[in-house]
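For reference, the structure is listed below as structure tokens.
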Amino acid sequence: MTDTMAKFDLSVESEGLVNQHDAEVSQNSIVTHTSQHKAPGSLAVWVFIYAELTEFGLFFVLFLVAKAYFPADFSQGPQKLSTLAGLSNTLILLSSSLCIVKAMAAIKIGNIKRTIHWLLLTIVAGGLYCAVKFWEYHRNGALGINPRDDYFIAGYYYIGFNHLLHVLIGMATISVVTIFTALGFYDANNHEGLESAATYWHMIDLVWIVIFPLLYVLH
């Protein structure tokens, strides 16, 4: 009888240890799974991005409302703009997104030199975008196109200038994280600041993907 009770106690204890081990494994798996699916960048940058997207979303809604009330202005508006400039900036920003992706891939394996290389190319792409934009505005001025022409052109300038401002902010941010990377602040295990800057830059590109057809293509 005593032997039976001892075996029973040993069995219960073993089962308890197994259940405890399974629970610990399950908990570790949940933690690992959660960390693997963590959104890139910091919480602060996501709050800022959501605020910026809300702002642009409001601009787009107002643009479409104005289009409904003034169809003649918006029907002929895109024909006044340089589709070549809009398409060129689309390709430039898509290329810049690829550069920032390459930079993030390089920092994750600890390749600082390649990270800086791709970050600098991202800044160059941003500079090209600005150059094309300034050429476009110069061309508009030469053709006598100004914000007071009609509601479409007013909306075009307002949305375009706002996006250009965000590109300049993004370039400044990328420049700062490039300097920090060169100084050794970021490495394979610590690069949240760089990731936040990259996330913000992707937001800028995403907004332009909406702006390009809205302003330059759709009649």
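For reference, positions follow the sequence shown, starting with 1.
- Linking ILVMFWY side-chain heavy atoms closer than 4.5 Å, directly or via other members, places F161 and L215 in a single hydrophobic cluster.
- The distance from the SG atom of C130 to the CG atom of N89 is 8.5 Å, given to the nearest 0.5 Å.
- Follow the hydrophobic side-chain contacts under 4.5 Å out from L98 and you never reach M104; the two are in separate clusters.
- Here the closest non-hydrogen pair linking G170 and I204 is CA-CD1, 4.0 Å.
- Separating the OG atom in S97 from the NE2 atom in H202 is a distance of 5.5 Å, to the nearest 0.5 Å.
- Of the possible donor and acceptor atoms, none in the side chain of S75 sits under 3.5 Å from a partner among the backbone N and O of P71.
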Legend entry - Audit row: K133, E136, salt bridge (Lys or Arg N to Asp or Glu O under 4.0 Å) steps and yes/no: CA-CA 5 Å; K133 206 66 183 171; E136 180 182 2; 3.4 Å; yes
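- A 6.0 Å sphere centred on OH of Y151 holds no more than 12 heavy atoms belonging to other residues, nucleotides or ligands.
- Residues C99 and L121 share a closest heavy-atom pair of SG-CB, 3.8 Å.
- Between Y200 and I174, the closest side-chain pair of non-hydrogen atoms is not below 4.5 Å.
- Residues Y158 and V210 share a hydrophobic cluster, clusters being chains of Ile/Leu/Val/Met/Phe/Trp/Tyr side chains in contact below 4.5 Å.
- When the ring-ring contact (aromatic ring centres under 6.0 Å, His included) test is applied to H191, no partner is found at least two apart in sequence or on another chain.
- Under the ring-ring contact (aromatic ring centres under 6.0 Å, His included) criterion, Y186 pairs with no residue, sequence neighbours left out.
- Under the ring-ring contact (aromatic ring centres under 6.0 Å, His included) criterion, Y156 pairs with no residue, sequence neighbours left out.
- Contact detail for V177 and A197: the closest heavy-atom pair is CG1-CB, 3.9 Å.
- A distance of 7.5 Å separates CG of L194 from OG1 of T178, quoted to the nearest 0.5 Å.
- Side chain of T115 to backbone of I107: a donor-acceptor contact under 3.5 angstrom is found.
- One hydrophobic cluster, built from ILVMFWY side chains closer than 4.5 Å, holds both I153 and L64.
- V207 and I169 fall within a single hydrophobic cluster, where Ile, Leu, Val, Met, Phe, Trp and Tyr are joined by side-chain heavy atoms under 4.5 Å apart, directly or via other members.
- Checking N146 against D149 by side-chain atom types alone, a donor-acceptor pair falls below 3.5 Å.
- Between the CG atom in L87 and the CG atom in L91 there is a gap of 4.5 Å [rounded to 0.5 Å].
- Sorted by first and then second residue, the side-chain hydrogen bond (donor to acceptor under 3.5 Å, both in side chains) pairs involving residues 53-65 (not counting sequence neighbours) are E55-N162.
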Legend entry - side chain to side chain contact (heavy atoms under 4.5 Å, CB included) between Y216 and T90, worked out: CA-CA 11 Å; Y216 295 87; T90 301; over 6 Å; no
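- Under a 3.5 Å cut-off, the side chain of D73 and the backbone N or O of F70 do not form any donor-acceptor pair.
- A donor atom on one side chain and an acceptor atom on the other are not found under 3.5 Å apart for W201 and T122.
- In this structure, I211 and W208 have side chains that are in contact, with non-hydrogen atoms separated by less than 4.5 Å.
- Atoms CG and CZ, on L119 and R114 in that order, are 11.5 Å from each other to the nearest 0.5 Å.
- In this view, F180 and F185 satisfy the ring-ring contact (aromatic ring centres under 6.0 Å, His included) rule, not counting sequence neighbours.
- Taking the ring centroids of F63 and F74, they lie under the 6.0 Å cut-off.
- In this structure, S96 contributes its side chain and L93 its backbone to a donor-acceptor pair below 3.5 Å.
- Under the salt bridge (Lys or Arg N to Asp or Glu O under 4.0 Å) criterion, the residue pairs touching residues 74-98 are K80-D150, with sequence neighbours excluded.
- Distance check: E195 CD to I100 CD1 gives 11.0 Å after rounding to the nearest 0.5 Å.
- Side-chain atoms of Y129 and H163 form a donor-acceptor pair, as typed in the model, at a separation below 3.5 Å.
- Of all the heavy atoms in I209 and P213, the pair that sits closest is O-CD, 2.9 Å.
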